[in-house]
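Report on the following structure.
Below, chains carry the letters A, B, ... as their sequence lines are ordered, and counting in each starts from 1.
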Amino acid sequence: MPPPKAQKITPRARDFSEWYTDVIQQAELADHSPVRGCMVIRPLGYRMWELMQGALDAMFKATGHENAYFPLFIPQSFLAREAEHVEGFAKEVAIVTHTRLRATGKGGAGAVEPDPSSALEEPLVVRPTSETIIYAMFAKWIQSYRDLPLLLNQWCNVVRWEFRTRLFLRTTEFLWQEGHTAHATEAEAEAEARQILGVYRRFQEEWMAMPVLTGLKTPSEKFAGALRTYALEALMQDNKSIQSGTSHNLGQNFAKAFNVQYQTAAGGLEHVWNTSWGVSTRLIGGLIMTHSDDNGLVAPPRLAPIQVVIVPIYKTDDEQRGVLQAAEKVRGDLEKTGVRVKLDGRPELKPGAKYFEWEARGVPLRLEIGPRDVAAGQVTMARRTGGKAPVRLDDLAAKVPEALAEMQGALLQAARERREQHSIRGVTKQEFIDFMKAQGGFAYGGFCGSAECEAEIKDATAATIRVLPDPEFRSPEAPKTCMWCGKPSVAEAVWAQAY
RNA sequence: CGGGGCGUAGCGCAGUCCGGUAGCGCGUCUGGUUUGGGACCAGAAGGUCGGCGGUUCGAAUCCGCCCGCCCCGACCA
């Protein structure tokens with residue numbers, strides 16, 4: 001019997017926000033840094049990011065993209081070159097103005113100060129995103145249509161000085177990838193932006209087991225400087241939506257601002273068409289809020305840093321020897337099949353304590369090996385999502401990958417069902433208001449296209465248009481009128497309260 | 001930046017009203033006994049009580065100023 005200890009994780013039903021924070025703490029994914037709003041990604045969280053990077057990077061390469069690295073610092077004047085872009089980011093950029101410190105003779109925190117004689121002639125901004133510096137370089141590299149398309153990606157950190165931050169979801173500094181491409185025609189750029197949206201969707205569904213809606217952002221939600229922004233939206237367990245990725249058709253806005261031109265086959269001079277697209281460590285926040293439960297993290301097997309943990313159980317020294325030997329063998333066998341496995345041989349903890357710990361860290365499968373199992377030539381396999389059954393040692397190398405694959409599928413299925421249960425289609429104004437006031441979720445309805453309606457709805461319900469959904473997500477029947485103002489509908493929209 | 005709350009051991013807190021040896025739980029360390037769902041016993045380490053100043057014989061406690069953090073509102077992946 002587990003003694004009723006103080007619950008370390010606040011139940012979701014009591015306080016979702018607290019629950020989220022507790023899950024991250026207990027799973028040791030990340031921690032707050034001494035700098036307000038910044039995050040330390042701990043080994044487990046970073047391993048998960050590495051697994052995400054590995055999968056995404058392979059997908060980028062498979063679609064013809066190459067990695068490069070552009071610098072952290074951007075001349076302040078660059079940011080100002082594209083008018084809409086600078087307006088979008090001006091309020092949240094960090095600026096470097098000096099190159100050295102000097103001693104003040106005072107003690108403590110005031111012992112040093114920026115040396116006035118080291119002031120930079122032109123301040124540098126710390127990249128909030130890299131369009132400006134990348135397209136400044138593209139202008140040098142692109143001469144002719146033969147240089148196109150140029151398909152680059154970079155993995156890096158960016159800084160956006162946010163007022164309110166939350167681990168993974170919104171931090172001052174975060175890790176991401178940003179793809180930047182240049183094309184000869186608008187159609188090619190559009191195809192690229194759409195292709196990447198598909199890549200992101202596949203990654204999020206197949207690897208993260210996180211179902212997404214894809215579609216177009218309205219002008220009020222699009223990226224500053226883009227022609228069009230496509231996005232992916234996923235519904236979290238608190239019925240708020242998270243934007244889990246964006247892909248922009250930048251048109252020729254940056255090409256014109258940075259003079260990125262190429263000679264056509266016919267000998268003319270044209271501006272290129274650009275795209276940019278990114279996903280960030282925010283994905284980890286989405287993953288947590290999609291699958292995890294009141295016992296802690298639930299990691300989808302394909303992205304679980306540890307997929308299987310082996311917990312040996314024994315009383316006597318004799319038993320310990322036999323059990324550990326069997327456990328080592330199991331670990332070796334599983335490693336050979338490519339499973340990420342850990343044997344928890346710590347002698348100072350009781351098995352139950354280990355169960356709780358690994359559950360909090362989201363390990364999909366736990367193999368318990370005790371004297372009875374050894375005698376029977378089996379292990380006891382427990383799933384993070386529930387259920388426990390013996391598995392013969394001979395079958396293990398086959399059964400473990402099978403169970404992992406099943407769990408991966410079941411998580412996506414469960415998340416999809418949950419999303420559909422919290423979606424409402426063809427809403428009327430009153431239904432919409434009631435829905436957003438009560439449980440919330442994805443509300444599908446007609447939209448007249450006016451920014452006024454959008455703003456009114458946001459004021460009244462805190463809900464915003466997440467996307468104008470792509471065809472595969474639209475309702476069977478297109479709405480005829482705007483669910484808010486009753487004027488003719490120009491597109492179906494999906495509203496939700498959002499992160 | 002506006003409204004609210006809080007700074008005491010690694011973490012969570014009591015003590016502050018009413019000044020008088022700085023405490024509790026968890027965790028950590030040592031030793032022993034334990035181990036099929038959060039072990040137990042014994043011992044130990046660990047503190048400029050956010051900072052500076054004031055009142056006082058004496059301040060975690062009273063007064064003043066400052067600093068930091070969390071939650072809620074306006075920006076955002």
Between [atom2] on [N] and [atom1] on [X], what's the gap in Å once rounded to a whole number?
{"X": "A/W161", "N": "B/C76", "atom1": "CH2", "atom2": "C1'", "value": "15 Å"}
{"X": "A/E348", "N": "B/G32", "atom1": "CD", "atom2": "P", "value": "14 Å"}
{"X": "A/K458", "N": "B/C76", "atom1": "NZ", "atom2": "P", "value": "8 Å"}
{"X": "A/R346", "N": "B/U35", "atom1": "CZ", "atom2": "C1'", "value": "14 Å"}
{"X": "A/L367", "N": "B/G36", "atom1": "CG", "atom2": "P", "value": "18 Å"}
{"X": "A/K222", "N": "B/C76", "atom1": "NZ", "atom2": "C1'", "value": "15 Å"}

Which part of the nucleic acid, if any, lies within contact of [X], taking any heavy atom under 4.0 Å across all strands shown: a base, the sugar-phosphate backbone alone, or nothing?
{"X": "A/P371", "result": "base"}
{"X": "A/I242", "result": "nothing"}
{"X": "A/E162", "result": "base"}
{"X": "A/S244", "result": "nothing"}
{"X": "A/K217", "result": "nothing"}
{"X": "A/L283", "result": "nothing"}

Exercise for review: Validate the cation-pi geometry between A/R194 and A/Y230: distance from NZ or CZ to the six-membered ring centre under 6.0 Å, angle to the ring axis within 45°.
Suggested key: yes
Exercise for review: Mark yes or no: A/R170 above the aromatic ring of A/Y499, with NZ or CZ under 6.0 Å from the six-membered ring centre and no more than 45 degrees from the axis.
Suggested key: no
For the [atom1] atoms, the ones on [N] and on [M], what distance do you get once it is rounded to whole angstrom?
{"N": "B/G50", "M": "B/A14", "atom1": "P", "result": "13 Å"}
{"N": "B/G2", "M": "B/U16", "atom1": "P", "result": "32 Å"}
{"N": "B/A59", "M": "B/U55", "atom1": "C1'", "result": "10 Å"}
{"N": "B/A60", "M": "B/U30", "atom1": "P", "result": "34 Å"}
{"N": "B/C24", "M": "B/C66", "atom1": "C1'", "result": "32 Å"}
{"N": "B/G15", "M": "B/C71", "atom1": "P", "result": "24 Å"}

Point to revise | Contact nearer the 5' end of RNA chain B, comparing A/R170 with A/R166 | key: A/R166
Check your understanding: Looking only at N and O atoms, is any donor in the side chain of A/E357 or the base of B/G37 less than 3.5 Å from an acceptor on the other one?
Key -> no
Under 4.0 Å between a side-chain nitrogen and a carboxylate oxygen: does that hold for [X] and [Y]?
{"X": "A/R346", "Y": "A/E357", "result": "yes"}
{"X": "A/R321", "Y": "A/D317", "result": "no"}
{"X": "A/R331", "Y": "A/E328", "result": "yes"}

Of the listed nucleotides ([options]), which one gets closest to any side-chain atom of [X]?
{"X": "A/F356", "options": "B/G37, B/U35, B/G36", "value": "B/G37"}
{"X": "A/R366", "options": "B/C75, B/G37, B/G36", "value": "B/G37"}
{"X": "A/R160", "options": "B/C76, B/G37, B/G36", "value": "B/C76"}
{"X": "A/A353", "options": "B/U35, B/G36, B/G38", "value": "B/G38"}
{"X": "A/K350", "options": "B/C76, B/U35, B/G37", "value": "B/U35"}
{"X": "A/P351", "options": "B/G38, B/G36, B/C76", "value": "B/G36"}
{"X": "A/E359", "options": "B/U35, B/C76, B/G37", "value": "B/G37"}

Under 3.5 Å, side-chain donor or acceptor atoms of residues 206-216 of chain A against the rest of the protein: list the pairs with distances, not counting sequence neighbours.
residue, atom, partner, partner atom, Å
A/T214, OG1, A/D470, OD2, 2.6

Check your understanding: Got a sec? Which of residues 171-181 of chain A come in under 4.0 Å of RNA chain B, heavy atoms?
Key -> A/T171, A/F174
Point to revise | Set of side chain to side chain donor-acceptor pair (under 3.5 Å) partners for A/K217, sequence neighbours left out | key: A/E233, A/Q243
Check your understanding: What do you reckon, are the aromatic ring centroids of A/F254 and A/H85 less than 6.0 Å apart?
Key -> yes
**Study point:** Complementary nucleotide for B/A60 - Watson-Crick or wobble, under 3.5 Å
**Key:** none
Point to revise | Watson-Crick or G-U wobble partner of B/U55, both distances under 3.5 Å | key: none
**Study point:** Between A/R466 and A/T464: side-chain donor-acceptor atoms closer than 3.5 Å
**Key:** yes
Review point. Hey, is the side chain of A/K354 poking within less than 4.0 Å of OP1 or OP2 on B/U35, counting only N and O atoms?
Key: no
